[in-house]
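Following: one structure in structure tokens, then a few remarks.
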Amino acid sequence: MTLFTKMTKIALFGATLGFAGSTFAADAMDLDSLLKTLEQGKTQQSVENKQREQEFIARQNDQVQMLKNTQAQRNNMLSESERLETLFEGNEIKLANQTDTLSKRMGSLKELFGVLQQVAGDSSNKFATSVVSAQLPGRGQFMDDLAQKMGSTSKLASIEDIEQVWYELQREMTEQGKVSRFTTDVIVEGGNKAQQEVMRVGAFNLISQGKYLEYNASTNTLSELTRQPVGRFTSTAADLQQTSSGTVQFALDPTGGSILGLLVQAPDTTEQVHQGGAVGYVILGVGLLALLIAIERFISLMLMGGRIRRQLKDDVPRDDNPLGRVMKVKDQYPSVAYDTLELKLSEAILREMPKITRNLTLIKIISVVAPLLGLLGTVTGMINTFQAITLFGTGDPKLMAGGISQALVTTVLGLVVAIPTVFLYTLLNTRSKNLLLILQEQSAGIIAERSEKGA
């Protein structure tokens with residue numbers, strides 16, 4: 001760039017400043033103030049930076065000192081760790097030597113204490129489930145504490161501990177042969193507690209007021225069984241509780257309640273009838289109908305037979321019995337031939353026959369239909385069983401139990417109704433035939449008498 005060009009640009013710049021001078025003259029002082037402010041700020045920032053540098057240098061010295069202290073502490077801890085490790089190894093050697101010395105000194109006693117620990121643990125579990133604990137609570141706690149103490153520490157059992165174990169075992173064996181009474185709270189039906197006298201039969205069963213009780217070891221409570229066994233068992237419990245001396249029969253569960261628990265789960269007669277379902281109810285209904293008819297027929301034939309026997313002793317015919325009504329035919333036709341009288345008597349006997357043999361055919365029909373209904377229930381139950389097998393398989397037998405129960409129960413119900421119904425029909429039919437035989441016998445006598453008179 002030439003000198004002329006530079007001078008020209010300077011002149012132009014000066015002219016420009018001269019032109020703008022008249023416009024921005026008032027702002028000249030503000031720009032100066034701005035410049036001064038920037039200069040002061042720069043000075044203040046330099047002072048702050050110096051302070052920060054000094055603080056950083058001071059902190060750096062502190063951090064160096066902290067590092068030295070931490071390293072010294074680490075060295076001390078390493079030294080302590082080495083010392084403790086050496087001490088631990090020495091203690092292990094001493095402990096091994098002491099253990100070996102203890103084993104040598106104990107000799108056969110080591111096996112003895114091992115057996116004692118095992119016996120204490122087993123006895124604790126036994127006492128927890130024994131019905132004797134209902135009368136003598138808290139026996140298992142000592143055994144449990146002793147077993148845990150001997151298993152967790154090297155402390156040996158004392159002579160008193162051994163004697164206490166011996167005493168508890170001997171007391172359990174002694175109580176197993178006793179029948180004792182005591183009073184305690186019993187949870188009765190409805191969940192209420194009642195103070196009752198309880199009789200304990202050895203270590204087998206607990207009874208109260210003629211009912212079997214159940215012992216809950218976790219809560220140490222006695223409660224009546226939700227379902228009691230059948231009457232022939234509960235009656236022995238009542239007899240035992242009412243007896244103060246002598247010998248009495250008692251239904252004992254030697255398993256301590258296991259067999260009794262299974263026994264009370266067995267369905268009773270009412271539940272078995274309900275298992276028969278609708279077909280079972282129909283069988284019982286027709287069986288009841290046959291029974292009512294049989295009772296009515298038995299009473300009627302018995303009364304009718306009594307009146308006929310009285311009529312046999314009297315020559316005057318009466319209308320209250322079939323024989324009397326048949327004998328009246330002779331008086332109604334005094335002059336007819338014996339063959340005509342025979343026909344009239346046969347007619348009279350035929351009129352009496354429906355009254356004597358009424359409803360016997362229905363009893364016979366029921367005796368035949370009842371087994372068929374049982375067979376129907378059997379088929380229905382087997383269908384339900386096969387449907388359950390189709391849907392759920394054979395993994396769970398309980399799914400098939402309902403159908404099988406219905407099949408077997410209906411068969412039993414059918415036979416139970418049919419067998420006595422056959423006997424009832426046979427008995428009533430024989431009685432009715434005997435009455436008809438009396439009528440025919442007397443009718444034959446009347447005909448013979450008329451024939452002799454005609455001759």
Check your understanding: Given Thr357, which of Leu436, Asn429, Leu435 fulfils the side-chain contact (heavy atoms from CB on, under 4.5 Å) condition?
Key -> Leu436
Check your understanding: Do side-chain atoms of Ser235 reach the backbone of Arg232 as a donor and acceptor pair under 3.5 angstrom?
Key -> yes
Review point. Given Asn321, which of Arg310, Gln311, Arg309 fulfils the side-chain hydrogen bond (donor to acceptor under 3.5 Å, both in side chains) condition?
Key: Gln311
Exercise for review: Compare all side-chain heavy atoms of Gln135 with those of Ser180 and state whether any distance is below 4.5 angstrom.
Suggested key: yes
Review point. Distance-only, no hydrogens or angles: does the Thr340 side chain make a donor-acceptor pair with backbone N or O of Val336 under 3.5 Å?
Key: no
Exercise for review: For the residue pair Ser81 and Glu85, confirm or rule out a side-chain donor-acceptor distance under 3.5 Å.
Suggested key: no
Review point. Can you check whether Gly202's main-chain N or O pairs, donor with acceptor, with Arg200's side chain at less than 3.5 Å?
Key: yes
Review point. If you measure from the Lys or Arg side-chain nitrogens to the Asp or Glu carboxylate oxygens, is any gap between Lys328 and Asp319 under 4.0 Å?
Key: yes
Check your understanding: Is the backbone N or O of Ala251 less than 3.5 Å from a side-chain atom of Thr236, with the two atoms forming a donor-acceptor pair by type?
Key -> yes
Review point. Are Ser432 and Leu360 close enough that some pair of their side-chain heavy atoms sits under 4.5 Å apart?
Key: yes
Point to revise | Derivation of the side chain to side chain donor-acceptor pair (under 3.5 Å) call for Thr86 and Glu82 | key: CA-CA 6 Å; Thr86 303; Glu82 292 177 357; over 6 Å; no
Review point. Any side-chain heavy atom of Leu222 within less than 4.5 Å of one from Ile187?
Key: no
**Study point:** Between Glu168 and Gln164, a side-chain donor and acceptor under 3.5 Å
**Key:** yes
Point to revise | Asn76 side-chain N/O to Ala72 backbone N/O, donor-acceptor pair under 3.5 Å | key: yes
Exercise for review: Answer yes when Glu172 and Lys126 have at least one side-chain N-carboxylate O distance shorter than 4.0 Å, and no when they do not.
Suggested key: no
Exercise for review: Please examine the side chains of Arg431 and Phe298, heavy atoms only from C-beta on, and report whether any two atoms are closer than 4.5 Å.
Suggested key: yes
Exercise for review: Give a yes or no on whether a salt bridge exists between Arg171 and Glu175, defined as a side-chain N under 4.0 angstrom from a carboxylate O.
Suggested key: no
Check your understanding: How about Leu428 and Ile363: do any of their side-chain heavy atoms sit closer than 4.5 Å?
Key -> yes
Point to revise | Polar contact flag, side-chain donor to acceptor under 3.5 angstrom, Ser208-Glu224 | key: no
Check your understanding: Below 4.5 Å, heavy atoms only, C-beta onward: do Val165 and Phe142 meet side chain to side chain?
Key -> yes
Check your understanding: When you measure from the side chain of Thr421 to the backbone N and O of Val417, does any donor-acceptor pair fall under 3.5 Å?
Key -> yes
Review point. Any side-chain donor-acceptor pair under 3.5 Å between Gln141 and Asp145?
Key: yes
